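Notes follow the structure.
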Amino acid sequence: MPVIAVVGAQWGDEGKGRVVDYLAATGGELDRPVDVVIRFQGGDNAGHTVVNPLGEFKLHLVPSGIFSPTTHCVIGTGCVVNPDSLIVEMDALHAAGLALNNLFVSSRAHITFPHHCQIDGLEESARGAKAIGTTGRGIGPTYADKAARWGLRVGDLLNPDRLRQRLAAALPRTNRAVDILGGLPTELDALTDQCLDWGRRLQPYITDSLPLVRDALERDRTILLEGQLGVMRDLDWGAYPYVTSSNPIASYGPVGAGLPLQAVTQVIGVVKAYVTAVGAGPLPTELNDQMGDDLRRVGNEYGATTGRPRRCGWLDAVALDYARWLNGFTSIVVTKLDVLDGMPEIRICTGYRLPSGQIVTRMPDPATLGSVEPEYESWPGWLCATNQARRWEDLPGEAQQYLGRIEELTGAPIGWVSVGPAREAMVAVKR
Ligand code: IMP
């Protein structure tokens with residue numbers, strides 16, 4: 001049975017949430033719901049928008065397969081969990097009628113505390129004009145504590161003695177750092193009480209996720225690994241330092257989920273039909289003109305977590321080639337094709353002109369992208385609505401041509417094309 005990683009091929013916000021919701025509920029080619037969905041990295045910096053028969057949801061921590069009642073959804077070991085955000089999100093899902101008895105939180109996932117969010121904000125202020133433009137959700141400071149081995153894990157919420165001992169060891173160091181940055185210290189007793197409250201509330205969901213994942217693989221169940229963000233914000237491969245603090249690329253999927261490497265059978269890259277990014281850092285194809293504003297307005301390109309306007313631009317095939325190489329896509333899903341319906345001309349960046357004048361089609365170190373100029377090719381728009389299309393034949397010829405070119409440039413076949421936010425607005429590409 002397949003183990004499918006679903007990952008972002010650009011700067012994040014490609015539509016992974018809607019793809020995972022669709023695949024989890026329908027099974028895609030399998031024609032039955034996926035058995036297990038595991039979020040493998042990131043935290044509540046994610047904003048996965050899902051529109052389905054139950055309504056519209058913005059998921060931050062809960063895996064996007066949660067609406068399929070028979071699908072086990074795991075917040076994996078590679079994730080960082082802000083218990084307050086998780087509880088707010090769970091309350092909203094309960095209010096929408098979900099029982100959430102298919103939700104599991106790995107006891108090994110690290111906890112994002114209020115002081116991590118405070119440090120994130122203070123560090124961003126300290127960076128001044130060089131701010132990364134983080135989501136302010138404490139992601140970097142949580143992963144930093146994890147790597148420095150001062151972090152606390154979700155399972156610690158259920159063990160009062162260990163919890164107090166770990167907090168007592170970690171807090172003086174944290175408070176010293178906060179003091180230097182000009183913030184407020186955290187009180188040990190107050191935070192311990194808060195943790196015990198979180199533990200009482202989350203106890204039914206906290207589990208050692210490994211037996212569940214292992215059992216699923218051994219019983220040949222279908223497993224979907226849900227990534228957050230995209231390769232261009234990867235800690236190692238993105239435009240450092242304008243990156244997140246974890247690895248959104250597919251090879252981190254088995255690490256964050258608890259699977260052997262060779263278990264992964266498919267890697268689906270999610271590609272928005274154009275490019276968007278929130279936060280700072282280079283974005284070669286950014287459109288700072290009316291066209292960019294039109295993409296933002298028609299595509300409703302505002303951050304699902306922070307509400308910030310997203311930067312918009314033309315599709316970048318150099319970035320896609322880089323994403324394909326680093327992820328090993330077996331197929332791609334192109335999302336938000338319908339947003340281009342009103343564009344008379346559509347451009348694709350096929351190369352970068354370096355300051356030396358040389359044109360390259362392979363990604364240099366993304367940290368240098370601030371000094372490249374995009375080289376474009378132009379495609380005719382289709383100037384008609386695609387949102388009712390459900391089969392490849394329903395798409396206008398120009399849209400088929402544009403998609404064919406994306407396939408060619410990405411080197412991976414298109415499995416589906418999304419033409420609207422609702423679950424059913426998907427074209428299954430069978431050619
Ligand atoms: P952090 O992950 O909050 O530390 O932010 C690091 C960078 O990743 C910033 O540029 C953020 O805007 C960006 N980022 C983080 N999460 C998301 C997301 O879910 N979608 C898009 N960009 C994100």
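Since we're looking at a predicted model, the values are computed, not measured. Each residue takes its place number in the sequence, starting with 1.
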- Message: Applying salt bridge (charged side-chain N to carboxylate O under 4.0 Å, His left out), can you list everything that pairs with R390, at least two apart in sequence or on another chain?
- Response: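 R390 satisfies salt bridge (charged side-chain N to carboxylate O under 4.0 Å, His left out) with no other residue.
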- Query: What pairs with R311 under salt bridge (charged side-chain N to carboxylate O under 4.0 Å, His left out), at least two apart in sequence or on another chain?
  - Reply: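 For R311, the residues satisfying salt bridge (charged side-chain N to carboxylate O under 4.0 Å, His left out) (neighbours in sequence not counted) are E286.
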Where the side chain of [X] meets the backbone of [Y], is there a donor-acceptor pair that is under 3.5 Å apart?
X    : Y    : value
R221 : D215 : no
Y143 : G42  : yes
D44  : L61  : no
R18  : G420 : yes

Could you go through residues 358-368 and list every donor-acceptor pair under 3.5 Å that involves a side-chain atom there, pairing it with any protein atom two or more places apart or in another chain?
unit_1: D365; atom_1: OD1; unit_2: A367; atom_2: N; d: 2.9
unit_1: T368; atom_1: OG1; unit_2: D365; atom_2: O; d: 2.7

- What pairs with Y252 under ring pair (Phe, Tyr, Trp, His ring centres under 6.0 Å), at least two apart in sequence or on another chain?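 Here no residue qualifies.
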- Item | Results of ring pair (Phe, Tyr, Trp, His ring centres under 6.0 Å) for F104 - residues two or more places apart only |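 Expected list: H72.
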- Verify the neighbour count for atom CZ of R127: are there more than 12 heavy atoms of other residues, nucleotides or ligands below 6.0 Å?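 Enclosed: over 12 neighbouring heavy atoms sit under 6.0 Å from CZ of R127.
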- Item | salt bridge (charged side-chain N to carboxylate O under 4.0 Å, His left out) pairs, two or more places apart, involving residues 70-92 |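 Residue pairs passing salt bridge (charged side-chain N to carboxylate O under 4.0 Å, His left out), neighbours aside: D91-R201.
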No-hydrogen, no-angle side-chain donor-acceptor test under 3.5 Å, [X] and [Y]:
X    : Y    : answer
R137 : T135 : no
E407 : Y402 : no
T386 : D338 : no

